[in-house]
Number of protein chains: 2
Amino acid sequence: MPKETFFNLPDDKRNLIINAAMEEFSKAGYNTASINQICRNSAIPKGSFYQYFTDKLDLYVYIMTLAIEEKIRFFSAAIMEFHNLTLLDQFRLLFIKGMEFAKKHPQYAALGEQFSKENDGTAKLAVITEGNRQSETLFIQMINNAKATGEIDSKVDTSALSLLLQSLNSAVNQYMIDKFGDISYEHAKEDINRFVDSLLNIIFNGIRKKSN
Amino acid sequence: MPKETFFNLPDDKRNLIINAAMEEFSKAGYNTASINQICRNSAIPKGSFYQYFTDKLDLYVYIMTLAIEEKIRFFSAAIMEFHNLTLLDQFRLLFIKGMEFAKKHPQYAALGEQFSKENDGTAKLAVITEGNRQSETLFIQMINNAKATGEIDSKVDTSALSLLLQSLNSAVNQYMIDKFGDISYEHAKEDINRFVDSLLNIIFNGIRKKSN
DNA sequence: ATATTATATGACCACATGGTCATATTGTCA
DNA sequence: TGACAATATGACCATGTGGTCATATAATAT
């Protein structure tokens with residue numbers, strides 16, 4: 001955690017530092033990201049930086065935690081209404097929300113993508129023990145629930161489906177970040193919805209030609 | 001491409017350099033990977049290195065090209081017998097081969113995984129223009145072919161299914177590298193086959209409970 | 001006004017990086 | 001043997017890194 005001095009800073013200055021750090025970590029990975037660069041971009045001297053944070057790792061974990069918290073906050077509303085929805089609609093909501101998140105907070109989304117690529121074991125571990133794993137358990141809960149209600153076939157392998165959904169989720173996010181980086185979301189909204197429906201259609205109905 | 005001097009080297013020495021470079025690039029990413037480290041591990045002086053390669057990038061592209069070529073060689077036999085197989089069996093073969101490849105050549109597989117995470121745009125581009133994109137077009141060919149033969153529903157969205165398969169493929173590879181890094185493949189073979197079948201079953205039949 | 005505490009600051013450190021280059025060594029022809 | 005090219009080598013360079021620290025400044029309390 002950052003030192004008290006950091007939180008005593010005026011909001012402007014604190015946010016400047018946070019933004020510069022997010023910028024850096026969202027495009028560089030833990031080892032390649034540079035503290036000098038962050039200092040330069042937020043116009044604070046090197047010495048001050050180490051008055052605010054103990055470490056590079058300290059900063060990294062803090063920034064990642066902010067992103068994770070924001071994502072959870074963003075999704076929590078959607079998850080609250082899950083019990084009224086079919087599994088298909090739950091998935092649809094999750095995918096659409098994911099894309100909206102990437103569009104609304106590209107910085108946070110980029111941070112998440114960068115984190116999923118992170119090579120430095122220490123950095124990765126430090127973040128994971130801080131903000132706990134949730135997406136995997138969320139998928140598994142949803143699947144088990146839908147099996148119980150008989151909505152999906154109970155013979156479907158839960159962990160296989162979970163892996164499939166997770167990898168699909170991150171692929172779609174990456175796809176969004178790459179392709180719609182600067183295109184207006186509103187403009188592409190219909191295309192995106194169609195694409196999500198195509199994906200979900202495959203997962204729910206399979207690709208095999210129906211016999212009749 | 002490496003300079004002529006490099007190819008004039010005795011095989012032992014050349015392979016030593018190649019192995020050290022693979023080791024480094026498979027665990028570090030282009031920017032973080034260190035030429036000094038590669039020199040140290042292959043016991044060649046810095047000056048000699050630059051007698052063999054013009055650049056860090058030169059080495060990187062060369063190593064990645066080797067890995068790509070090996071992977072193509074490994075898969076080409078399987079792809080040759082595709083026309084005798086149903087799409088399901090084609091996919092199964094592809095997944096199983098992918099896992100066998102990761103097990104037989106963990107170094108190459110790790111290199112590929114590392115490359116898919118690469119941040120440095122220049123490095124990524126240099127490799128892509130060298131060894132051409134094939135997996136995406138392969139999937140699309142397979143899908144279109146199966147649609148033509150009526151094996152899968154022609155209403156299935158080709159690009160959605162292709163994205164799904166690609167992301168699944170890399171997820172499975174990553175899963176393999178992480179989990180079975182040191183466990184014997186033979187020992188886990190049955191589990192792996194079961195898992196692959198579970199995944200393919202979902203994709204072919206969907207997860208929705210059949211009405212009868 | 002004085003003493004005490006909290007910040008701000010940038011020169012500085014040891015180390016690592018990718019890359020160069022003058023020189024030494026070896027190999028190959030005549 | 002001598003001449004010429006190919007190769008080997010490590011000291012060296014500029015630059016960047018994460019991190020430190022003595023000192024300067026500001027804020028607060030007595």
Item to check | Per-nucleotide protein contact string for nucleotides 7-20 of chain C, where B marks a base within reach and S marks sugar-phosphate only (heavy atoms under 4.0 Å, - for neither) | outcome: SBBB------SBBB
Checklist entry - Going through the checks in order, is the ring-ring contact (aromatic ring centres under 6.0 Å, His included) test met by Phe49(B) and Phe53(B)? => result CA-CA 6 Å; Phe49(B) 179 90; Phe53(B) 305 94; 5.1 Å; yes
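At whole-Å resolution of the value, CZ in Phe6(A) and C1' in dA6(C) are 17 Å apart. Atom-to-atom, NZ of Lys3(A) to P of dG19(D) comes out at 11 Å; the value is rounded to the nearest Å.
Partners of Glu23(B) under the salt bridge (charged side-chain N to carboxylate O under 4.0 Å, His left out) rule, at least two apart in sequence or in another chain, are Lys27(B).
Residue Lys104(A) places its NZ atom among 12 or fewer non-hydrogen atoms of other residues, nucleotides or ligands, all under 6.0 Å distant.
There is a side-chain donor-acceptor pair under 3.5 Å between Ser26(B) and Gln107(B).
Relative orientation of the Tyr108(B) and Phe101(B) rings is tilted, given thresholds of 30° and 60° on the angle between their planes.
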